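Just below is one structure, and these are the notes that go with it.
Just follow the structure's listing: the first ligand is 1, and inside any ligand the first atom is 1. Values below: all heavy atoms of this structure, side chains included; hydrogens, waters and symmetry mates excluded. Computed from a predicted model, the values in this text were never measured in an experiment.
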Amino acid sequence: SSSEWSYKYETQWPKQCRNGGLQSPINIMSRSAIVDTFQTHIRGPLVFRGYGDVNLRTANTGRTLKWTLEEDTGAPVLSGGPLRGNYTFVQFHLHWFSEHAIDGMKYPMEIHMLHVKTGLTIEEALKRPDGLAVIAVFCQVHAGENSGYSLQQIEAVLPELYNSTSGPGFTSTLNLSRLLSPQQQSYYTYNGSLTTPDCQEVVTWIVMDHPISISDSQYKMIRQVNVGGVDNYRRLQPTNRVVYKSAAS
Ligand code: GRE
Ligand code: ZN
């Protein structure tokens, strides 16, 4: 089932994508988010370990561009915040336009950094409510090359990927911390789902509040990637749950 779906026919996504009450993405209402002063849900700061240079393999999956960690590299590990235990970085991929919205506003692009509960395979993680943690980073587009710092290291491979969904892909070294905003690490967090079939409700979402900048030429290149003649975001799902906001840091 999960191999045969497209963004163009979202209404025909499998049944498990419509049933649950914890689907993603959602519109986050900033004034309804609970700032967890007593640290009952968010128990401390988010901790990023090993978010430096890593070797990644790039692919055009036909639905997104994806950068997957090469096995020979020490894996970055995420912990803290709303998470219990460690989560190992697996891949990041792109959605254009953004999937989440803040106060009804969407961004041109959203990066998803996928982490699996350390010690579990992805298949195992997909069966546990706490199996995955995804960091979502919004991107805003600015004119000029100076705004392209975050994605500078992936720019060169983009034209090679426009139509190629086969082949070995490209490996490259990339500093993952460039995908996080240097200024601010405050975020919203809630329990939700994968935004692609089969939409399993196993994701602790950590949606960074502060967007990073990409250049207009980078954005143009990314939007030339053919993912079926449509954009690759899922429509907003009912919120009907608590969203927490980290204290500003
Ligand atoms: C996706 O395919 O876009 C995806 C995953 C896992 C978690 C979140 C998500 O594969 O958006
Ligand atoms: Zn995604």
Between ligand 1 and W205, is the shortest N or O to N or O distance under 3.5 Å?
no

Among V90, L120, T204, L126, exactly one meets side-chain contact (heavy atoms from CB on, under 4.5 Å) together with L132. Which residue is that?
L126

Atoms of ligand 1 close to L114 [distance to a heavy atom under 4.0 angstrom, numbered from 1]
6 (C), 7 (C)

Does a side-chain heavy-atom distance below 4.5 Å link N191 with R241?
no

Atoms of protein origin (N, O or S) under 2.8 Å from the Zn ion (ligand 2):
H93 NE2, H95 NE2, H112 ND1

So which of R234, H112, R63 actually passes side-chain hydrogen bond (donor to acceptor under 3.5 Å, both in side chains) with H95?
H112

Would you kindly specify which portion of T195 sits under 4.0 Å from ligand 1, judged on non-hydrogen atoms: side chain, backbone, both or neither?
both

Parallel, tilted or perpendicular, judged at 30° and 60°: which one describes the rings of W5 and W13?
perpendicular

Just to verify, which of E99, Q237, E110 counts as forming a side-chain contact (heavy atoms from CB on, under 4.5 Å) with T195?
E99

Parallel, tilted or perpendicular: which describes the rings of Y190 and H100, with under 30° parallel and over 60° perpendicular?
perpendicular

Can you check whether Q91 has an N/O within less than 3.5 Å of an N/O in ligand 1?
no

Ligand-side contact atoms (ligand 1) for residue partner H112, heavy atom cut-off under 4.0 Å
9 (C), 11 (O)

Between the side chains of S30 and D103, does any donor sit under 3.5 Å from an acceptor?
yes

Just to confirm my output: which protein heavy-atom neighbour is closest to atom 6 (C) of ligand 1, and how far is it?
L194 CG, 3.4 Å

Parallel, tilted or perpendicular, judged at 30° and 60°: which one describes the rings of Y244 and H41?
parallel

Across all chains, not counting sequence neighbours, the side-chain contact (heavy atoms from CB on, under 4.5 Å) partners of Q140 are Y107, H142, P211, S213

Provide the number and element of each atom of ligand 1 under 4.0 Å from a heavy atom of T196.
1 (C), 2 (O), 3 (O)

Does at least one non-hydrogen atom of H95 fall below 4.0 angstrom from an atom of ligand 1?
yes

So, regarding H93 and ligand 1 (criterion: nitrogen or oxygen to nitrogen or oxygen, under 3.5 Å), is there a contact or not?
yes

Determine, for R223 against D231, whether the closest basic-nitrogen to carboxylate-oxygen distance falls under 4.0 angstrom.
yes

